[in-house]
Amino acid sequence: MMKLSLLIFYKEYQTFLGELREKGMVHIHENTERTAEDTDLQAKLMLIRRTGEMITHMQSRNDVEQVEKVKVNDEHLLDYLEGLYSRQDQIEQQLVGLEKDHAAYRPWGKFSREMIQKLEIAGWEFHFFSVPEQKYQPEWEEMYDAVIISEMMGQKYFVTVTPAGTSVNLEADPYLFPQATAEELAKQITALREESVNIGKELDAVSQDAIERLKKYRLKITEVADKIKVEDAAQHLIDEKVIALEGWIPVEREAEMRSFLETKEVYFEFTRPTPEDDVPVQLKNNAYSKLFEPVTEMFALPQYRELDLTPFLAPFFMLFFGMCMGDGGYGLIIWLTCFIIGRKASPSVKGYLVLGQYLGIMTVIVGLLTGSFFGIALDSVEWPWLAGVKSLFLTEANYGKYLGGYNPMMIVAVAVGIIQILYGMCLNAARLTKQFGFKYAISTLGWVVAIILLGVLIGLPMLSIVIPEGLKYVLYALLGLAALTIYFYNSPGKGIFSNFGSGLWGTYNMATGLLGDTLSYIRLFAIGLTGSILGGVFNTLAFQLTDGLPVIVKFIAVFLILLIGHSINFGLCMISSFVHPMRLTFVEFYKNAGFEGGGKQYAPFRKKVND
C-alpha cells in the first residue's frame with residue numbers, strides 16, 4: 001500500500017470527491033472519533049443494519065411461483081416490510097391471550113349465555129366452580145343442585161343451580177369466564193389467523209422483488225454513509241479554505257492515480273507507510289489459495305506487516321476436512337453437488353462451490369485410501385474386483401502389526417499435526433525476521449531444530465532403526481547448539497540471566513503446549529473413524545432389520561433406512577469436518593505461527609450503485 005495525502009481547495013472539494021469516488025481506488029483514512037459522534041452517520045449505519053436484517057428475513061421466505069412487486073417506493077419499502085412483520089408479531093401476541101381465554105370454555109362445552117340470563121330473570125342463579133376430584137362432595141348435589149359438567153386433569157368442573165338470593169358457600173374455586181363468549185373468541189382467533197396467513201402470503205409473493213430492491217437500497221445508503229465518513233475524515237485548514245484528506249492505495253495502482261491527480265488542481269503526495277500507520281489490508285493470493293480467504297476472514301485479517309497465512313493453511317485445511325469426513329461416498333456427493341450447482345451459480349457463490357469441489361475430491365481420496373465408501377469397509381467385503389487392492393488400504397488390519405498395533409490413520413493424524421506445528425513455527429520465524437530482524441527468529445528456529453532432532457534421536461530407535469555412532473554425535477552437537485539459542489538468545493539485547501529464565505519458561509510452555517497441540521490432531525482420526533463406523537451401522541441396520549420381508553417391502557424399507565441414516569450421518573460429519581479443521585487452524589496453527597490479526601479490510605471509496 002502507498003499512503004496518499006491530498007490538499008483540496010474548498011470550492012473544488014465536492015466535485016473532486018465525486019470524481020475520486022468514480023475512480024474507486026482510494027481507501028480513505030477514517031477518523032474514528034468523529035464517526036462515532038456523528039449522529040447522522042450512526043443513523044445511516046443503523047438503517048444499513050436494519051436493511052440487512054430484513055434481507056435475511058425475506059431470503060428465508062418460501063419460494064413461490066407467483067412473483068409480485070411491492071407497491072411502495074424504495075424509501076418506504078423497509079418501513080412497509082417491518083410494519084408487516086410487526087403486525088404478525090402483534091397477532092401472535094393477541095392469539096396467545098385469545099386462545100387462553102377460549103381455552104377457559106373448554107371444560108364447560110357449549111352453552112348459551114342468553115339462556116342463562118333468561119333463567120336468572122326467572123329467579124334462578126347459576127354459579128360455576130372447579131375443584132380437585134378428591135375434594136368434591138356429593139352432598140352438594142342435594143344442597144345446591146350441583147351438576148358435574150366435566151372432569152379434566154384431576155379437576156371436576158360443576159355448576160350449581162339455586163333460587164335467587166341463596167347463599168352458596170363451597171370449598172371450591174369460583175370459575176370466572178372472559179367477557180367475550182366462546183363463539184366471539186373463536187371468530188376473533190379465526191380472523192387473526194387468516195390475517196397472519198395473508199400477510200405471510202404477501203411477504204412470500206413480494207420476497208424476490210423486495211430482496212433485489214433492498215439490496216440496491218442498502219448500497220445507496222452505504223454510499224451515503226461512505227461519503228459522510230470521508231467528510232468526517234477531512235481536516236479543514238487555513239480558515240477552512242483548504243481541506244486535507246489521507247488515504248491508501250495499492251502500489252500497483254499508484255501510476256494510474258498519479259496520472260488522474262495530475263489533471264486536477266489538487267496537491268498530492270505519495271509516501272510509504274510507517275510502522276505507526278494503520279494500513280488497510282488487501283489479500284492477494286493465487287486462484288487456489290483465494291478459495292480459502294473466507295476461512296481466513298472468519299477469524300481475522302492479518303495486520304499489514306504480518307504474513308498472510310491463507311496460502312499456508314489452505315492445503316492443511318483441505319486435508320483436515322477430508323480426514324474428518326473420511327468417506328469416499330460422501331466426498332463424491334459433495335463434489336457432484338458443488339459441480340452441478342456451480343455450473344449455473346452466480347459469481348458471488350461460485351468460489352464457495354469450487355472450494356466445495358476441492359474438499360469433496362480430498363474426501364474421496366482419503367476415503368479410498370482408508371477403504372470407506374458410504375460406510376462400507378472395503379477391506380472386509382468379499383468382492384472379487386477388490387481382491388488385489390484390499391491389502392493396500394490404510395487400516396489397522398493391514399498395517400497395525402508394523403505400527404505397534406496402532407491404526408495407521410492415527411499415526412498419520414499425529415504426524416500431520418507435528419508437521420503443521422513445525423511449519424507454523426517456521427512461519428513465525430519468518431514473521432519475526434520480517435518485522436524485527438533475523439536475530440529475533442533464531443530462538444524459534446532453535447526450537448524447530450531441537451524438536452526435529454529429538455524426534456530423530458528418540459523415534460528412530462523406537463522403530464528399531466540404528467543410528468550410526470558418528471551421525472549420533474553430530475545430531476547431539478546440533479541439539480546442543482539449538483539449546484544454546486533457546487536458553488541464551490531468546491531475547492536479543494537482554495542479559496544472560498534474563499535469557500536463561502525466559503528459556504526455562506519457554507521450555508515449560510513448549511513441553512505442555514506441544515503435547516496438547518499434538519493430541520488435538522488425533523481428533524482428525526477419531527472423527528473420521530466415527531463417521532465411517534456410524535455409516536456402517538446404518539448399513540447393517542438396513543439389511544438386518546428387513547431380513548425376511550417381502551422383496552418390494554424390503555427394498556422400500558432398506559432405501560428409507562439408508563436414506564435417513566446416511567443423511568443424519570452426512571450432516572453430523574459435515575459439521576465436524578468444518579468445525580474441527582477451523583479449530584486446528586485458528587488455535588494450534590495460528591498460535592504456533594505467531595498470528596496476531598486485527599487487520600482492516602481495504603475498502604476503497606467508490607460508487608456502489610450505477611445510475
Side-chain angles (χ1 to χ4, degrees), residues 1-49 51-52 74 215-274 276-284 297 301 303-304 347-348 599-611:
M1 288 287 176
M2 292 293 291
K3 185 176 183 179
L4 173 61
S5 301
L6 296 165
L7 292 177
I8 311 109
F9 187 55
Y10 77 100
K11 289 185 178 180
E12 307 292 334
Y13 178 65
Q14 292 298 332
T15 301
F16 176 75
L17 210 59
E19 294 173 340
L20 194 66
R21 185 175 66 177
E22 290 288 342
K23 296 297 291 184
M25 291 190 289
V26 183
H27 177 110
I28 303 297
H29 178 72
E30 186 177 344
N31 188 323
T32 54
E33 292 183 2
R34 286 187 186 176
T35 55
E37 297 172 356
D38 192 326
T39 55
D40 188 23
L41 174 61
Q42 296 305 316
K44 293 293 186 294
L45 295 177
M46 177 59 71
L47 186 59
I48 292 170
R49 190 178 303 113
T51 306
D74 291 348
K215 287 181 177 179
K216 292 180 180 178
Y217 180 66
R218 181 172 60 178
L219 289 176
K220 289 180 181 179
I221 302 302
T222 303
E223 278 191 354
V224 176
D226 288 346
K227 187 175 181 181
I228 296 174
K229 288 181 182 178
V230 172
E231 292 174 349
D232 287 341
Q235 299 182 38
H236 297 264
L237 310 174
I238 313 177
D239 296 329
E240 299 191 353
K241 300 294 185 181
V242 177
I243 298 174
L245 276 178
E246 285 187 351
W248 303 95
I249 189 170
V251 174
E252 63 272 14
R253 308 201 69 177
E254 178 187 349
E256 182 183 352
M257 178 55 66
R258 187 183 294 274
S259 299
F260 164 73
L261 293 174
E262 286 174 349
T263 64
K264 306 299 174 185
E265 295 183 359
V266 299
Y267 169 81
F268 66 90
E269 181 181 20
F270 288 97
T271 56
R272 293 199 172 276
T274 64
E276 292 75 25
D277 288 326
D278 184 15
V279 188
V281 174
Q282 183 182 33
L283 300 181
K284 296 180 180 179
E297 293 169 357
L301 290 172
Q303 295 182 10
Y304 179 70
S348 60
K600 180 170 55 180
Q601 178 71 51
Y602 166 70
F605 178 54
R606 61 183 178 85
K607 193 172 182 63
K608 294 181 170 64
V609 180
N610 296 324
D611 296 329

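As the structure is a computational prediction, the values presented were derived from the model and not from experiment.
Side-chain N or O atoms of Tyr304 include one that pairs as donor or acceptor with a backbone N or O of Met1 at under 3.5 Å. The closest donor-acceptor contact from the side chain of Thr15 to the backbone of Glu12 lies at 3.5 Å or more, if one exists at all. Between the side chain of Arg21 and the backbone N or O of Lys227, no donor-acceptor pair lies under 3.5 Å.
Atom CG in Leu4 sits 12.5 Å away from atom NE2 in His27 (nearest 0.5 Å). Here the OG1-NZ distance, from Thr222 to Lys215, works out to 13.0 Å after rounding to the nearest 0.5 Å. The CG atom of Asp277 lies 7.5 Å from the OG1 atom of Thr271; values are rounded to the nearest 0.5 Å. To the nearest 0.5 Å, the span separating CG on Asp40 from CD on Glu231 amounts to 9.5 Å. Taking CD1 of Ile249 as the reference point, atom NZ of Lys23 lies at 9.0 Å (rounded to 0.5 Å). Note that the CE atom of Met257 and the CZ atom of Phe268 stand 10.0 Å from one another [nearest 0.5 Å].
Closest of all the heavy-atom pairs between His29 and Trp248 is ND1-NE1, 4.3 Å. Among all heavy-atom pairs drawn from Arg606 and Gly24, the shortest one is CB-CA, 3.4 Å. Annotation for Phe9 and Lys241: closest pair CD1-O, 3.3 Å, computed over non-hydrogen atoms. The two residues Gly599 and Val281 have their closest heavy-atom pair at CA-CG2, 4.2 Å. Closest of all the heavy-atom pairs between Arg218 and Gly52 is NH1-CA, 3.6 Å. The two residues Ile48 and Ala225 have their closest heavy-atom pair at CD1-CB, 4.1 Å.
Residues Phe605 and Asp226 meet the side-chain proximity criterion, which asks for heavy atoms closer than 4.5 Å. Proximity of Tyr217 to Leu47: side-chain heavy atoms (C-beta onward) are separated by under 4.5 Å at one or more points. A heavy-atom distance below 4.5 Å is not found between the side chains of Pro604 and Met25. Looking at Phe16 and Leu261, their side chains come closer than 4.5 Å, going by heavy atoms from C-beta outward. Contact check for Met2 versus Arg272: side-chain heavy atoms found under the 4.5 Å cut-off.
Side-chain polar atoms of Thr35 and Asp38 form no donor-acceptor pair below 3.5 angstrom.
Using a 4.0 Å cut-off between charged nitrogen and carboxylate oxygen, Lys216 and Asp74 do not count as a salt-bridge pair.
Under a cut-off of 6.0 angstrom, the local environment of NZ in Lys284 is crowded, with over 12 non-hydrogen atoms contributed by other residues, nucleotides or ligands. Heavy-atom neighbours of Glu265 CD from other residues, nucleotides or ligands within 6.0 Å: at or below the threshold of 12. Applying the 6.0 Å contact sphere to CD of Glu262 captures more than 12 heavy atoms from other residues, nucleotides or ligands.
Of the candidates Arg49, Gln42, Lys44, Met46 forms a side-chain contact (heavy atoms from CB on, under 4.5 Å) with just one, namely Arg49.
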Carefully, step by step, assess Leu17 and Leu245 under the rule side-chain contact (heavy atoms from CB on, under 4.5 Å). CA-CA 10 Å; Leu17 210 59; Leu245 276 178; 4.1 Å; yes

Apply the test side-chain contact (heavy atoms from CB on, under 4.5 Å) to residues Asp232 and Lys229: give CA-CA distance (whole Å), side-chain angles for both, the deciding distance (0.1 Å), then the verdict. CA-CA 5 Å; Asp232 287 341; Lys229 288 181 182 178; 5.6 Å; no

Under the side-chain contact (heavy atoms from CB on, under 4.5 Å) rule, what do Gln235 and Glu246 come out as? Steps first, then yes or no, please. CA-CA 9 Å; Gln235 299 182 38; Glu246 285 187 351; 5.6 Å; no

One pair to check against side-chain contact (heavy atoms from CB on, under 4.5 Å): Leu20 and Val230. What are the steps and the verdict? CA-CA 11 Å; Leu20 194 66; Val230 172; over 6 Å; no

